[in-house]
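The structure appears right after this line, and notes come after that.
Just so it is clear, the structure is predicted and the values come from calculations on it, not from any experiment. All residue numbers refer to positions in the sequence shown, counting from 1.
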Amino acid sequence: QVQLVESGGGLVQAGGSLRLSCAASGRTASTYVMGWFRQAPGKEREFVAVISRVGGTTTYGNSVQGRFTISRDSAKNMVYLQMNSLNSEDTAVYYCAAASVYSTKLNSYDYWGQGTQVTVSS
């Protein structure tokens, strides 16, 4: 069992930056692939970024490529999402998730956090 808790969301102006954090707890937390997803009002949850177990491989959604960076500190069981050049389309609830396989697909993820709200004002 893995528990995930996100933090770092908030209100930011367009063009600004935020860093989201995800604290993972559980005996095997560091062995999971970690991903970030987001869900805007009235829209389906969508893939944002994923990082491999040792952090050597990352993949990003097309809409965030070049602006967002995912990283992890396995010693601390933490995963981060640095978000730069934010715009109003980035407004959503952001979720941290853990999976046993490297995937961009929502249904590959076994554990989910409660989400943190990011609001970008224009």
Practice problem: Please determine, by modelled atom types, if Ser25 and Gln3 share a side-chain donor-acceptor pair under 3.5 angstrom. | Solution: yes
Quiz item: With the 4.5 Å side-chain cut-off for hydrophobic clustering, are Ile51 and Trp112 part of the same group?
Solution: no
Quiz item: Should Val48 and Tyr109 be counted in the same cluster of Ile, Leu, Val, Met, Phe, Trp and Tyr side chains packed under 4.5 Å apart?
Solution: no
Exercise. Please check if the side chain of Gln1 supplies one atom and the backbone of Gly26 the other of a donor-acceptor pair under 3.5 Å.
Key: no
Quiz item: Short question: side chain of Glu6, backbone of Gly115 - any donor-acceptor pair under 3.5 Å?
Solution: yes
Self-check item: Nearest heavy-atom neighbours spanning Ser108 and Ala99
Solution: O-CB, 3.4 Å
Quiz item: Are Val93 and Leu18 connected in a single hydrophobic cluster, I mean Ile/Leu/Val/Met/Phe/Trp/Tyr linked by side-chain heavy atoms less than 4.5 Å apart?
Solution: no
Quiz item: If you look only at pairs with a residue in residues 32-47, which of them pass as a salt bridge (charged side-chain N to carboxylate O under 4.0 Å, His left out), with sequence neighbours excluded?
Solution: Arg38-Glu46, Arg38-Asp90
Exercise. Applying side-chain contact (heavy atoms from CB on, under 4.5 Å), run through Val101 and Val33 and close with a yes or a no.
Key: CA-CA 6 Å; Val101 297; Val33 171; 6.0 Å; no
Exercise. Can you see which heavy atom on Val5 is nearest to which on Gln114, and at what distance?
Key: CA-OE1, 3.8 Å
Determine all donor-acceptor pairs shorter than 3.5 Å in which one atom belongs to a side chain in residues 76-86; sequence neighbours excluded.
residue: Gln82; atom: NE2; partner: Asn84; partner atom: OD1; Å: 2.9
residue: Asn84; atom: OD1; partner: Ser17; partner atom: OG; Å: 2.9

Quiz item: For the atom pair CD1 (Ile70) and OH (Tyr60), what is the distance rounded to the nearest 0.5 Å?
Solution: 6.5 Å
Quiz prompt | ring pair (Phe, Tyr, Trp, His ring centres under 6.0 Å) partners for Phe47, two or more places apart | solution = Phe37
Quiz prompt | Same cluster (ILVMFWY, side-chain, under 4.5 Å), Met34 and Tyr94 | solution = yes
Quiz item: If you look at every heavy atom in Lys105 and Ser103, which pair is closest and at what distance?
Solution: N-OG, 2.9 Å
Quiz item: Hey, are the side chains of Leu11 and Gln117 touching, using non-hydrogen atoms and a 4.5 Å cut-off?
Solution: no
Exercise. Measure from the side-chain N and O atoms of Thr91 to the backbone N and O of Thr119, and report whether any donor-acceptor pair falls under 3.5 Å.
Key: no
Quiz prompt | Rounded distance (nearest 0.5 Å) linking atom CD of Gln13 with atom OG of Ser88 | solution = 13.0 Å
Exercise. Any disulfide (SG to SG under 2.5 Å) involving residues 23-63? Give me the pairs, sequence neighbours left out, ordered by first then second residue.
Key: none
Self-check item: Partner residues of Tyr111 under the ring pair (Phe, Tyr, Trp, His ring centres under 6.0 Å) criterion, sequence neighbours left out
Solution: Tyr32
Quiz item: Does the side chain of Thr58 reach to within under 4.5 Å of the side chain of Val50, using non-hydrogen atoms?
Solution: no
Quiz item: For the residue pair Asp110 and Ser100, what are the closest heavy atoms and their distance?
Solution: OD2-OG, 3.4 Å
Exercise. Identify the two heavy atoms, one from Ala24 and one from Leu4, that lie closest to each other, and give their separation to 0.1 Å.
Key: CB-CD2, 3.6 Å
Exercise. Check the side chains of Tyr102 and Thr59 for a donor-acceptor pair under 3.5 angstrom, ignoring hydrogens and angles.
Key: yes
Quiz item: When rounded to the nearest 0.5 angstrom, what distance separates CZ in Arg53 from OG1 in Thr57?
Solution: 11.0 Å
Quiz item: Any disulfide (SG to SG under 2.5 Å) pairs touching residues 22-120, not counting sequence neighbours?
Solution: Cys22-Cys96
